[in-house]
Amino acid sequence: VLKNADYRYFWAGQTVSAIGSQFTVVAMGWHMLELTDSALLVGMLGLVAFLGAVWGLRRVHSLLAFGLLWFLVIQIPSSVLFTLGIGEPMAEHRAYVAAIGLFLTWGTAFAMLWSRAATRPWGRAIVCAAGVLFVGQMGLKTMVRNAIWGDPVLLSREAIGLAPEHWVPRLLLAEALRHTGRCGEAIPEYRAAISARPQEEFPYTKLAGCLIEERRLDEAETALLQLRTINPESRDASMVLGIVATLKRGQVESATAGRP
């Protein structure tokens, strides 16, 4: 087929057109973000572009379109939850089932390349080498991801980098640090989580616990009083304030007993 000059011109034109279309989609998204400062509108534009790509690929091969559509549909529940503010920002593990669609798309594309490469000298060897490199790269990335998922601190720090304004990664990092005996490092993360979402009660008690462990009783009492301001009926605040009062009383008695 490539021996036909007209087909070569057609194929080259389509390739350039496809690359230009991708640049246009990115530019439109960036322009819309600059005009509206709304990530939601940019996301909607990206969704429309994605659906357009799926519709176009169905003419090339139905499995290409089906794989991408699978990926999109499976991602919808997590995306909706995150958009509503009740989803977990570290949702990578939720993408595993959706990734089946991508593997189906990639496998179909590889099969199409393999079939067409049979008509070219060294064609299948080149496709095979590209496939080995691709699988090797994916394997290396998988090893890196497993290493990160195996360390809660690393995982939480990565989530903060991806969603710096969200309070949950800060809280998860603080909890990971606390569980590894690093309360001193956890305290600023608890404070950051509270600053990002002051109405959430859970971080206050955890912050107070770390402050008590660090013997910073006045700061722990301040955090618990802030919690009481948010929820005057908080049992956790009352209970931990009692513990703080007991510890303070013990400090006073120890200091008094030590005087001549």
Side-chain angles (χ1 to χ4, degrees), residues 15-16 18-19 21-23 25-26 29-30 39 42-43 46-47 49-51 53-54 56-57 60-79 81-82 87-118 120-166 168-177 179-180 182 185-186 189:
T15 302
V16 172
I19 295 174
S21 297
Q22 294 302 314
F23 277 112
V25 170
V26 173
W30 186 272
V42 175
L47 178 61
F50 186 87
L51 291 174
V54 171
L57 284 174
V60 179
H61 199 296
S62 59
L63 283 180
L64 294 174
F66 177 77
L68 292 178
L69 190 61
W70 172 288
F71 177 76
L72 175 65
V73 171
I74 299 300
Q75 291 278 46
I76 287 176
S78 297
S79 300
L81 289 175
F82 182 71
E88 183 182 341
M90 293 190 303
E92 180 179 328
H93 58 287
R94 296 177 183 168
Y96 292 159
V97 176
I100 294 174
L102 293 182
F103 289 128
L104 180 61
T105 300
W106 293 337
T108 302
F110 181 82
M112 293 172 63
L113 287 175
W114 184 261
S115 176
R116 295 182 181 182
R120 306 291 297 175
W122 300 96
R124 287 194 168 179
I126 295 173
V127 173
C128 185
V132 170
L133 288 174
F134 177 78
V135 172
Q137 184 182 26
M138 291 297 103
L140 181 62
K141 288 182 178 292
T142 300
M143 293 174 62
V144 172
R145 297 312 305 163
N146 286 339
I148 293 175
W149 274 95
D151 187 336
V153 174
L154 283 178
L155 180 61
S156 300
R157 290 192 189 281
E158 183 189 53
I160 290 173
L162 296 173
E165 304 299 326
H166 206 283
V168 174
R170 296 284 183 180
L171 178 61
L172 293 176
L173 176 57
E175 286 289 276
L177 291 169
H179 286 304
T180 55
R182 298 155 66 181
E185 297 178 53
E189 301 302 332

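Here, residue 1 is the first one in the sequence, and each next residue gets the next number. Computed from a predicted model, the values in this text were never measured in an experiment.
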Original post:
Checking side-chain contact (heavy atoms from CB on, under 4.5 Å) for the pair L155/L173: CA distance, chi angles, key distance, verdict?
Top reply: CA-CA 8 Å; L155 180 61; L173 176 57; over 6 Å; no
**OP:** Measure across I100 and W70 and return the closest heavy-atom pair with its distance rounded to 0.1 Å.
**Re:** CB-NE1, 3.9 Å
**OP:** Quick one: closest heavy-atom pair of A176 and V153, and the distance?
**Re:** CB-CG2, 3.9 Å
**OP:** With sequence neighbours left out, write down each residue that passes side chain to side chain donor-acceptor pair (under 3.5 Å) with R182, or none if nothing qualifies.
**Re:** E185
Original post:
Does any N or O in the side chain of T142 come within less than 3.5 Å of the main-chain N or O of M138, such that one atom is a donor and the other an acceptor?
Top reply: yes
Subject >> A174 to E189 - nearest heavy-atom pair and separation >> reply: CB-CB, 3.7 Å
Subject >> Nearest-0.5 Å distance that lies between atom CG in N146 and atom NZ in K141 >> reply: 13.5 Å
Subject >> Listed partners of F110 passing ring pair (Phe, Tyr, Trp, His ring centres under 6.0 Å), at least two apart >> reply: none
Original post:
Out of L154, L162, I160, which one pairs with E158 under the side chain to side chain contact (heavy atoms under 4.5 Å, CB included) rule?
Top reply: L162
Subject >> ring pair (Phe, Tyr, Trp, His ring centres under 6.0 Å) partners for W114, two or more places apart >> reply: none
Original post:
Do L104 and L64 have side-chain heavy atoms sitting under 4.5 Å apart?
Top reply: no
Original post:
How long is the gap from CG on L172 to CZ on R170, to the nearest 0.5 Å?
Top reply: 12.0 Å
**OP:** Output the distance between atom CG (L63) and atom CG (L68), rounded to the nearest 0.5 Å.
**Re:** 11.0 Å
